[in-house]
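One structure is given below, encoded as structure tokens.
To find a chain, count down the sequence lines: A is the first, B the second, and so on, and within it residues start at 1. Below, all heavy atoms of this structure are taken into account, side chains as well, without hydrogens, waters or symmetry copies.
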Amino acid sequence: MSIRSLYFIKRPIRYGMVSSDQLPKNYDFAVVEERWRNTWRDEDHYFDRNSKKPPFVIDTPPPYPTGNFHIGNALNWCYIDFFARYKRMKGYNVMFPQGWDCHGLPTEVKVEELNHITKNDVSREEFRKMCRELTEKNIEQMRLTLRRMAFSADWSNEYITMTPKYYSKTQLSFLRMLKSGYIYQDEHPVNYCTRCETAIAFAEVTYEDRETQLNFFDFDGVEIATTRPELLVACVAVAVHPADDRYHNLKGKSLKVPLFGHSVPIVQDEAVDPKFGSGAVMICTFGDKQDVHWWKQHNLPLRKAIDRNGKMTGISGKYAGLSTTECRKAILLDMKAAGILKKQEKLEQRVGTCWRCKTPIEILSGRQWFIRIKQQEIRDAAHQIKWYPEHMLLRMENWIDQMEWDWCISRQRIFATPIPVWFCTKCGEIVVPDEKDLPCDPTLTKPKHPCPKCGGNEFTGEEDVLDTWMDSSISVLNVTGWDGTGKPKIFPAQIRPQGHDIIRTWAFYSILRSVALMRSKPWDQILVNGMVLGEDGFKMSKSRGNVIVPEELVGRYGADALRQWAATGAALGSDIMFSWNDVIAASRFQTKMWNIARFALIQFEKEGIDENAPVTSLADRWLLARLSDTVQVVSAAMENYEFDEALKGIREFAWDVLADNYIELAKGRLYSEGASRKSACRVLYAAYDTLCRMLAPFIPYFAEECYSYLNKGSVHKQPWVAFTYDDAAARTEGDLLVKVVAEVRKYKHDNGLALNAPLGKVTVYAPQTVDDEGDTARTLNADVHWRTDKAHLDRVISGIDFNRAVVGPTFRKQAGAFMEVVKALSPEELAHPPKTIRLDGTEVAIPENAFMPKYSYMEEGAKVNVITVGDVIVTIAIK
RNA sequence: GGGCUCGUGGUCUAGCGGUAUGACGUCGCCCUUACACGGCGGAGGUCACCGGUUCGAAUCCGGUCGGGCCCA
């Protein structure tokens with residue numbers, strides 16, 4: 001711990017003025033952030049259900065409790081916290097709930113790994129308990145990170161999807177949708193991961209490029225090309241294009257499947273590509289989605305060749321029990337032996353894989369639960385929501401438009417919300433519990449009433465569980481307080497913030513469920529953020545070694561620096577490349593701000609602040625005008641969630657306008673005494689107060705630290721700035737003031753003078769009266785006079801610049817003589833040079849651009865230098 | 001193959017009809033009582049390429065090439 005930190009540590013936790021000699025020279029984020037973290041109270045962020053303020057309810061994404069809050073989460077949460085804090089300051093009753101989406105496969109896998117078991121080694125109940133315990137531990141760890149980042153979450157509205165309180169709502173929503181016909185059970189092909197042993201939804205399938213082999217073989221006289229010979233046993237037809245002349249003679253016939261011998265019909269279908277392979281394709285149940293399509297279209301039988309463990313079933317005869325890859329090898333060998341394998345080619349193909357484990361998915365038919373997807377009503381609701389940025393709506397539309405299958409919501413797993421139904425053993429009727437008896441695990445309990453259809457008393461509980469998205473897609477219903485008794489007062493929520501990667505899942509499912517259960521859009525607005533890429537521009541991954549962990553960043557530069565990085569990194573919706581540069585820039589801005597604060601506090605302390613002091617000086621009026629502009633720009637940006645614009649505006653004002661220009665101008669007056677000091681002090685105070693409040697949503701620790709010295713309580717309880725100051729003259733005249741100072745500084749620089757070097761008399765001829773109260777004089781260390789009359793300058797030629805590139809080649813040896821003759825010309829002749837000149841007795845032409853006269857200026861008999869700023873002339877006396 | 005997005009000084013980025021914003025880096029000068037984690041100034045860009053619309057295009061339109069994302 002450095003010595004400079006001592007002040008921050010010892011400083012009593014209260015708001016109030018301190019004496020300037022106590023202000024530490026350097027800002028120690030570690031100490032400050034920890035102190036405020038320990039001071040702030042959770043209650044300050046609670047949503048008040050009885051409040052009269054307008055509600056602003058955020059449907060926060062519930063992260064998966066892996067134990068690690070990654071940088072992508074951090075970006076997402078920064079955005080949420082920026083507007084949550086902003087809206088609070090704007091007078092809204094903000095709910096920023098924190099949820100945890102617990103159920104799912106990754107936790108099951110982790111539990112198996114940690115305990116060296118498989119899920120079948122212990123009872124379902126025991127396994128669930130282990131999952132819950134691991135999840136609780138992980139949540140605890142992630143809560144710490146959230147707090148460290150100063151996210152102003154409403155912990156009184158925390159929800160955990162694995163708790164009975166939450167998943168009974170999931171079950172209630174299931175029962176309601178079952179009743180209204182949205183949910184049905186059916187035997188239907190679904191995407192199935194044989195490694196995870198569960199059905200998955202299309203949203204959970206990711207596609208990968210792989211190289212595979214296309215095998216051409218003789219299929220009862222017809223050549224067929226297939227990438228999956230192991231599905232031969234599941235072949236139910238051979239399809240050809242109706243216009244394909246090669247196969248006209250086969251119309252209406254059937255073929256015998258090689259190696260297996262069953263007969264399959266020839267069908268004709270427009271979807272067959274005659275150019276691919278041999279133009280004839282075998283339809284199997286099921287090789288891909290197209291097979292399912294054809295199978296339905298042509299009303300073909302079902303032959304299940306692969307079971308839920310990825311093994312060949314009994315119908316495959318001697319291949320039964322082999323895995324699909326073993327079976328493929330065996331069949332290819334047998335084809336060769338039978339002499340029917342013609343050739344093999346390499347083929348690039350995209351295979352659907354399980355998004356969790358990357359295992360190629362199989363399409364297996366089975367009894368599953370589905371939710372009907374009614375495209376039009378989802379599309380309508382999506383259009384009623386305001387999308388930030390707008391083009392993200394297109395992604396949703398594209399996804400909706402290409403949906404073909406209903407949403408498969410049943411999973412053959414354990415750690416998930418149970419499907420609350422029983423089946424009557426006698427008649428097969430689906431029996432559901434009373435809503436008041438939820439939550440319910442049908443594998444542990446029995447229905448309270450006999451079967452309503454047959455009066456039977458024997459039941460089997462459903463062992464399948466629900467897709468995790470069934471939990472999270474009602475997050476908005478949960479946070480708005482839905483309990484099945486009607487539409488909650490605060491539904492729909494105001495906003496859903498999320499990443500663009502889960503538009504097709506979380507956003508899509510949430511809209512679907514909200515429409516199905518509430519007949520309404522779930523939120524007024526959706527704010528979509530981009531993904532965080534590594535510094536090399538690639539997706540962060542352990543194998544690339546480009547992963548940035550929020551904790552590391554916070555440890556080195558502080559939470560506020562990370563938050564600034566999130567704000568300025570990218571425009572809304574764009575992917576953002578991580579960059580240490582931006583973090584360092586953020587950290588430097590804090591250093592600068594801290595020094596501005598120190599300077600200001602030292603001034604405030606001297607005589608106190610008179611908030612009613614008249615503001616007369618031009619520089620002071622200029623500062624207020626620029627401050628007013630900044631407030632307007634920043635406020636507008638905040639309303640549109642353009643955090644990069646907002647923070648940029650604040651930084652520009654603080655660094656450029658306030659520190660580099662205003663303070664430099666006003667310093668002199670602040671060091672002296674009197675009315676004009678009071679004026680400067682007052683505007684400095686206005687800027688300080690306003691900056692603190694505008695920075696509060698972005699860098700809450702820093703803003704609180706600075707604001708606390710003003711003894712006005714917590715900055716986070718202040719209203720958002722409403723400062724306006726209209727003074728057009730101050731803006732233009734002040735800009736002129738700043739420009740003049742800049743030009744004179746440049747003059748000093750160009751003439752090798754130090755910036756604080758004294759200058760003599762400087763006269764500024766401006767079109768309008770400018771009363772700077774001596775600010776420019778002190779800043780420039782010169783005797784500055786502002787005048788509105790015309791400058792009376794005498795121009796004197798003080799020398800000649802020859803263009804040797806012209807003079808040399810033209811006159812050769814006479815060049816020197818030429819220059820001497822020119823120098824001897826009178827000032828009048830130089831100002832208007834003749835066409836010819838007498839050189840060594842001959843009249844010679846003066847070439848174009850041979851020379852330029854150098855001028856010097858005289859003002860009231862004294863030599864001066866002249867610089868111009870637009871139509872303003874500045875003269876500087878030469879000593 | 002389709003959709004969406006993007007291609008701007010060394011790097012990243014703003015602008016989205018009037019020859020270009022800022023950050024980091026780089027070079028030079030300056031330790032001026034808030035700040036050298038600073039100040040001031042400079043160098044560095046045919047705004048991917050080709051064509052069109054226009055008095056005028058980085059900006060609009062068409063095409064080409066190349067990234068990224070989503071989907072077949």
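- Contact between the side-chain N/O atoms of A/Q402 and the OP1/OP2 oxygens of B/rA72 is found at a separation under 4.0 Å.
- Figure legend. B/rG41 is base-paired to B/rC27; pairs are counted as Watson-Crick or G-U wobble with both atom distances under 3.5 Å.
- Taking 4.0 Å as the cut-off between side-chain N and carboxylate O, A/D735 and A/K739 do not count as a salt-bridged pair.
- Taking atom CE of residue A/M531 and atom C1' of nucleotide B/rU5, one finds them 14 Å apart after rounding to whole Å.
- Of all nucleotides listed (B/rC24, B/rA72, B/rA34), B/rA34 comes nearest to the side chain of A/I596.
- If you take atom P in B/rU46 and the same atom in B/rU21, they sit 15 Å apart, rounded to whole Å.
- As rounded to the nearest Å, B/rC24 and B/rC37 have C1' atoms that lie 14 Å from one another.
- Going from the P atom of B/rC40 to that of B/rA34 covers 16 Å, rounded to whole Å.
- Between A/F604 and A/Y709, the ring center distance fails the sub-6.0 Å criterion.
- Look at B/rA48: its Watson-Crick or wobble partner, with both distances under 3.5 angstrom, is B/rU64.
- As rounded to the nearest Å, B/rC60 and B/rU54 have C1' atoms that lie 10 Å from one another.
- Atom-to-atom, CG of A/L533 to C1' of B/rU11 comes out at 16 Å; the value is rounded to the nearest Å.
- Contact annotation for A/A600: no contact, since no heavy-atom pair falls under 4.0 Å across all strands.
- Side-chain atoms of A/Y688 come within 3.5 Å of backbone N or O of A/C706 as a donor-acceptor pair.
- With B/rC35, B/rG3, B/rC12 as the choices, the nucleotide that has an atom nearest any side-chain atom of A/M577 turns out to be B/rC12.
- One can place CG of A/D660 at 20 Å from P of B/rC30, the figure rounded to the nearest angstrom.
- Closest to the A/I602 side chain, of the nucleotides B/rA36, B/rC24, B/rA34, is B/rA34.
- Rounded to a whole Å, the CH2 atom of A/W399 is 17 Å from the P atom of B/rC69.
- B/rU59 and B/rG7 have their C1' atoms separated by 14 Å, with the value rounded to a whole Å.
- A gap of 29 Å separates the C1' atoms of B/rC65 and B/rG22, to the nearest Å.
- Along RNA chain B, the nucleotide nearest to A/E404 and the one nearest to A/A659 differ in position, and the one closer to the 5' end is contacted by A/A659.
- With both pairing distances under 3.5 Å, B/rG1 is matched to B/rC71 as a Watson-Crick or G-U wobble pair.
- Proximity of A/R588 to the phosphate of B/rC24: a side-chain N or O atom is located under 4.0 Å from OP1 or OP2.
- Of the side-chain N and O atoms in A/K667, none sit less than 4.0 angstrom from OP1 or OP2 of B/rU33.
- Residue A/E664 is classed as a base contact, given a heavy-atom separation below 4.0 Å to a base.
- Comparing A/A597 and A/D582 along RNA chain B, the residue whose closest nucleotide (by nearest heavy atom) sits nearer the 5' end is A/D582.
- Separating the C1' atom of B/rA36 from that of B/rA20 is a span of 31 Å, rounded to the nearest Å.
- Between the A/D291 side chain and the A/T285 main chain, no donor and acceptor come within less than 3.5 Å of each other.
- Here B/rC6 presents its P atom at 11 Å from CZ of A/R395, a figure rounded to the nearest Å.
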Quick one: do A/R626 and A/E652 satisfy salt bridge (charged side-chain N to carboxylate O under 4.0 Å, His left out)? Show the steps, please. CA-CA 11 Å; A/R626 293 297 299 266; A/E652 205 177 283; 5.1 Å; no

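- Base engagement by A/I663 is indicated by at least one non-hydrogen atom pair under 4.0 Å involving a base atom.
- Listed pair A/Y27 / B/rA34 fails the phosphate criterion, with no side-chain N or O lying under 4.0 Å from OP1 or OP2.
- Pair assignment for B/rU32 gives none, since no Watson-Crick or G-U wobble pairing has each distance under 3.5 Å.
- The number of heavy-atom neighbours closer than 6.0 Å to CD of A/E673, taken from other residues, nucleotides and ligands shown, is 12 or below.
- The P atoms of B/rC47 and B/rA57 are separated by 12 Å, rounded to the nearest whole Å.
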Please test A/W655 against A/F653 for ring pair (Phe, Tyr, Trp, His ring centres under 6.0 Å), starting from the C-alpha separation and ending with a verdict. CA-CA 6 Å; A/W655 207 315; A/F653 174 79; over 10 Å; no

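- Regarding A/E645, its CD atom lies at a distance of 9 Å from the P atom of B/rA14, rounded to whole Å.
- A straight line from CH2 of A/W655 to C1' of B/rC35 spans 10 Å, rounded to a whole angstrom.
- Remark: C1' of B/rC69 and CE of A/M396 are 16 Å apart, rounded to the nearest angstrom.
- A donor-acceptor pair under 3.5 Å links the side-chain atoms of A/E704 to the main chain of A/V715, judged by distance alone.
- Nearest nucleotide to the side chain of A/H391, out of B/rC40, B/rU5, B/rA34: B/rU5.
- Comparing B/rC35, B/rC4, B/rU33 by their closest approach to the side chain of A/K592 singles out B/rC35.
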